[in-house]
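Letters go in sequence order (proteins before strands), and every chain restarts at 1.
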2 protein chains.
Amino acid sequence: MKHLEHKKQFLCLSMKKYKSQENLPSEPTKSELEILQVLWEHGPSTVRFVNDKLNEQKREVNYMSTQKLMLIMLDKGFVTKDASQMTHVYEAAVDESKTKGYMLDKVVDNLFNGSASSLMMQLLGNKKISPEEMEEFKELIKKIDEKP
Amino acid sequence: MKHLEHKKQFLCLSMKKYKSQENLPSEPTKSELEILQVLWEHGPSTVRFVNDKLNEQKREVNYMSTQKLMLIMLDKGFVTKDASQMTHVYEAAVDESKTKGYMLDKVVDNLFNGSASSLMMQLLGNKKISPEEMEEFKELIKKIDEKP
DNA sequence: CTCAAGATAAGAAATTTTTCTTATTTTATT
DNA sequence: AATAAAATAAGAAAAATTTCTTATCTTGAG
């Protein structure tokens with residue numbers, strides 16, 4: 001779906017009952033995150049498209065559930081919406097890297113007591129790490145190490 | 001699910017409303033995880049002790065909330081309880097490393113599309129990583145690399 | 001012994017998150 | 001023009017999680 005490289009007059013609706021973006025980073029719930037992933041990966045999309053992706057890649061989700069959730073996310077400010085056409089087009093309004101970074105920090109804090117290296121340990125001790133990924137790790141470290 | 005193999009040597013109450021251990025891996029909720037952390041770090045503890053730790057280290061939590069939650073966790077099989085004394089002593093019934101590993105896997109899957117190296121990238125790109133931790137990383141990689 | 005302090009269990013209540021239902025509107029087709 | 005298909009918004013309902021309330025029991029100090 002070469003969907004939707006058009007119109008950019010997004011309106012940002014009121015933040016009634018949800019914490020504002022700037023102040024409190026009220027993080028996306030599990031389901032909201034699934035939706036964000038689709039939007040991040042595929043760019044601006046319709047509810048139909050997102051719902052299809054979820055059903056393909058994740059789990060069975062009812063169309064109306066997805067639709068409702070995306071409206072809520074609009075309200076929370078996680079997405080914006082282009083309503084110039086009949087089928088509205090949603091776009092992620094939060095940065096992928098920032099959001100993931102933030103949530104990863106939470107994991108580090110909550111699960112590993114703030115220690116990123118503990119997380120690393122756990123990750124490296126994990127059987128699921130392939131030799132290829134191991135190589136990637138080393139490359140990464142090397143690259144970052146040479147930088148400064 | 002494997003991370004939930006637990007022993008029921010103490011009294012284990014009926015599993016009325018919670019998914020049975022073997023079938024569904026109902027993972028600990030956020031609050032439950034906080035409690036598990038305390039138990040993992042300090043070993044078998046009373047509700048009072050756990051609650052105090054939470055209030056010191058995490059956030060304000062009511063004693064009865066902690067108590068109730070620990071009962072629920074008992075029911076779910078996340079903890080066991082020694083009730084031989086008046087003040088009961090709870091112990092984590094799920095393995096720390098296994099549980100964290102399992103939950104980290106979830107993060108890798110949900111947030112980074114199954115790619116552990118993506119997670120690494122995100123982590124290393126994070127400003128919060130100290131030079132010391134960077135050193136630890138390198139050590140880790142080296143160590144694991146020499147192993148096989 | 002009596003009673004206060006502090007522990008327990010269990011259910012109710014409140015919040016948060018997710019899913020379902022309903023009523024309308026728009027578009028396209030016959 | 002009539003109707004079917006597909007979209008929307010909004011509220012209700014259901015589920016999951018967290019917190020609060022109540023009633024009871026045990027221990028130990030006075």
Inset, instruction - Taking the side chain as every heavy atom from C-beta outward, state whether A:Ser115 and B:Glu133 have any pair of such atoms under 4.5 Å apart. - result: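 In contact.
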Rounding to an integer number of Å, can you tell me how far [X] [atom1] sits from [N] [atom2]?
X       : N      : atom1 : atom2 : answer
B:Met73 : C:dA9  : CE    : P     : 15 Å
A:Glu60 : C:dC20 : CD    : C1'   : 14 Å
A:Asp75 : C:dT16 : CG    : C1'   : 15 Å
B:Glu32 : D:dT19 : CD    : P     : 11 Å
A:Ile72 : C:dT17 : CD1   : C1'   : 8 Å
B:Gln85 : D:dT27 : CD    : C1'   : 12 Å
B:Asp52 : C:dA7  : CG    : P     : 9 Å
B:Asn51 : C:dA7  : CG    : C1'   : 13 Å

Could you tell me whether [X] and [Y] make a salt bridge, using a distance below 4.0 angstrom between a side-chain N and a carboxylate O?
X       : Y       : answer
A:Glu41 : A:Lys53 : no
B:Lys30 : B:Glu34 : no
A:Glu32 : A:Lys76 : yes

Legend entry - Evaluation steps, side chain to side chain donor-acceptor pair (under 3.5 Å), between A:Asp82 and A:Ser84: CA-CA 6 Å; A:Asp82 173 4; A:Ser84 59; 2.8 Å; yes
Give every pair of a protein N or O atom and an N or O atom of nucleotides 8-13 of chain D that lie under 3.5 Å apart, one pair per line with the distance.
unit_1, atom_1, unit_2, atom_2, d
D:dT8, OP1, A:His88, N, 3.4
D:dT8, OP2, A:Tyr63, OH, 2.6
D:dA9, OP1, A:Lys81, NZ, 2.4
D:dA9, OP2, A:Gln67, NE2, 2.9
D:dA9, N7, A:Gln67, OE1, 3.2
D:dG11, N7, A:Lys68, NZ, 2.9

Legend entry - Phosphate contact (C:dT19 OP1 or OP2) by A:Arg59 side-chain N/O below 4.0 Å: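 Yes.
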Inset, instruction - Look at B:Ser31 and D:dT18 and indicate whether a side-chain polar atom (N or O) is within less than 4.0 Å of OP1 or OP2. - result: yes
Show which side-chain atoms of residues 65-74 of chain A pair as donor or acceptor with protein atoms under 3.5 Å away, not counting sequence neighbours.
unit_1, atom_1, unit_2, atom_2, d
A:Thr66, OG1, A:Asn51, ND2, 2.6
A:Thr66, OG1, A:Asn62, O, 3.4

